[in-house]
Amino acid sequence: MSSITHHIPDELLIAYASGSLEQAFSLVLAAHISMCDECRARLGAHEAVGGAMLENACGTEAGMALSADLKARLLDALDDPVEPAPPAYHRSGVFPGPVMEALGGLPPKWKPLGMGVRQSILSHGKGGSVRLLYIPSGQAVPDHGHNGLELTLVLQGAFHDETGRFGVGDVEIADSDLEHTPVAEEGAACICLAATNAALRFRSFIPRLLQPVFRI
């Protein structure tokens, strides 16, 4: 999508390519990459560099030992029963394939948060949480800060905050330095995929009171 202006930084793409990125953030990256030609190409470049480095490492004595061990493990895997491949999920409406996979191919189960805002939690645990957010046109999310990192991918509509405007395919990266009040733009409701690795910091009393219930 050529209209995408907010992309994934290289450090997150490299972590994703190496498999070291938290699962919640990996879902956001997978969804964005499925929508963004630029980040998909950059990811391919990082994977190519990583493959070349691994190939060079296998030329060393330690690398040759690693290669021999890898070969042995691959042969052992061939003797194990083959599990059926998981079903491939494709885009459905505004939801990219990776999101549909997280939903198990079913529509989101929306739960109200108040003022017309809804959420559907896809996963929640010590490693972070990832959820879909439905924000009606013109509605604001309560002012909040962050105790960690938050990645928000727009799937429908758009929102703006103190840092700028985010439309379909854009990703906002918020850290502990950012306190903002996202507002859905007029038009279609804003639907986002949001992942966090720590609880949000709300200023207002009511959001703080309801935070444990809503698991945000």
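- Taking the side chain as every heavy atom from C-beta outward, Leu103 and Met100 approach each other to under 4.5 Å.
- Between His7 and Glu38, the closest side-chain pair of non-hydrogen atoms falls below 4.5 Å.
- Considering only heavy atoms from C-beta on, Asp161 comes within 4.5 Å of Phe166 through its side chain.
- With hydrogens and angles ignored, the 3.5 Å screen pairs no side-chain donor or acceptor of Asp170 with any backbone N or O of Ile4.
- The same ILVMFWY cluster, assembled from side-chain heavy atoms under 4.5 Å apart, contains both Leu153 and Leu149.
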- Item | From CA spacing to verdict: side chain to side chain contact (heavy atoms under 4.5 Å, CB included), Tyr16, Ile33 | CA-CA 11 Å; Tyr16 178 76; Ile33 290 165; 3.8 Å; yes

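- Considering every non-hydrogen atom in both Leu132 and Pro108, the closest pair reads CD1-CG, 3.9 Å.
- Annotation: the span from Cys192 atom SG to Leu151 atom CG amounts to 12.0 Å, rounded to 0.5 Å.
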- Query: For Leu193 and Arg131, what are the C-alpha separation, side-chain angles and deciding distance, and is it a side chain to side chain contact (heavy atoms under 4.5 Å, CB included)?
  - Reply: CA-CA 6 Å; Leu193 176 69; Arg131 69 198 66 225; over 6 Å; no

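- A single hydrophobic cluster is seen to contain both Tyr134 and Val94, as judged by linkage of ILVMFWY side chains at heavy-atom distances under 4.5 Å, directly or through other members.
- One distance of note links NE2 of His46 with OG of Ser18; it measures 11.0 Å at 0.5 Å rounding.
- No side-chain donor-acceptor contact under 3.5 Å links Arg118 and Ser120.
- Formation of a donor-acceptor pair under 3.5 Å by the His6 side chain with backbone atoms of Gly169 is not found in this model.
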- Residue pair Glu185, Ser137: steps toward the side chain to side chain contact (heavy atoms under 4.5 Å, CB included) verdict: CA-CA 6 Å; Glu185 292 191 350; Ser137 169; over 6 Å; no

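- Residues Glu150 and Thr196 have side chains that never bring a donor and an acceptor to within less than 3.5 angstrom of each other.
- Looking at every heavy atom in both residues, Pro136 comes nearest to Ala184 through O-CB, 3.3 Å.
- Hydrophobic cluster membership is shared by Ile191 and Val168, with clusters built from Ile, Leu, Val, Met, Phe, Trp and Tyr side chains linked at under 4.5 angstrom.
- Ring geometry, Trp110 versus Phe95: the interplanar angle falls from 30° to 60°, so the pair is classed tilted.
- Between Thr152 and Phe159, the shortest heavy-atom contact is CG2-CE2, 4.2 Å.
- With rounding to the nearest 0.5 angstrom, the CD1 atom of Ile135 is 11.0 Å from the CD atom of Gln119.
- Between the side chains of Asp143 and His180, not a single donor N or O lies within less than 3.5 Å of an accepting N or O.
- Listed here is the closest heavy atom pair of Met35 and Arg40: N-NH1, 4.2 Å.
- Minimum heavy-atom separation, Pro9 to Arg42: C-NH2, 3.7 Å.
- To the nearest 0.5 angstrom, Leu12 atom CG is 9.0 Å from Glu22 atom CD.
- Transitive grouping of hydrophobic side chains (ILVMFWY, heavy atoms separated by less than 4.5 Å) keeps Val183 and Val154 in distinct clusters.
- To the nearest 0.5 angstrom, His160 atom NE2 is 10.0 Å from Arg165 atom CZ.
- Under a hydrophobic clustering in which Ile, Leu, Val, Met, Phe, Trp and Tyr are joined whenever their side-chain heavy atoms come within less than 4.5 Å, directly or via other members, Leu21 and Ile173 fall into the same cluster.
- For the atom pair CG of Leu29 and SG of Cys39, the computed distance is 8.0 Å after rounding to the nearest 0.5 Å.
- In plain terms, the two heavy atoms of Thr181 and Val141 that are nearest each other are CG2-O, 3.3 Å.
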- Using the side-chain hydrogen bond (donor to acceptor under 3.5 Å, both in side chains) rule, take Glu172 and Thr163 through it: C-alpha gap first, then chi angles, then the decisive distance, then the call. CA-CA 9 Å; Glu172 181 176 45; Thr163 67; 3.0 Å; yes

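- When only modelled atom types and interatomic distance are considered, Gln23 and Ser123 share no side-chain donor-acceptor pair under 3.5 Å.
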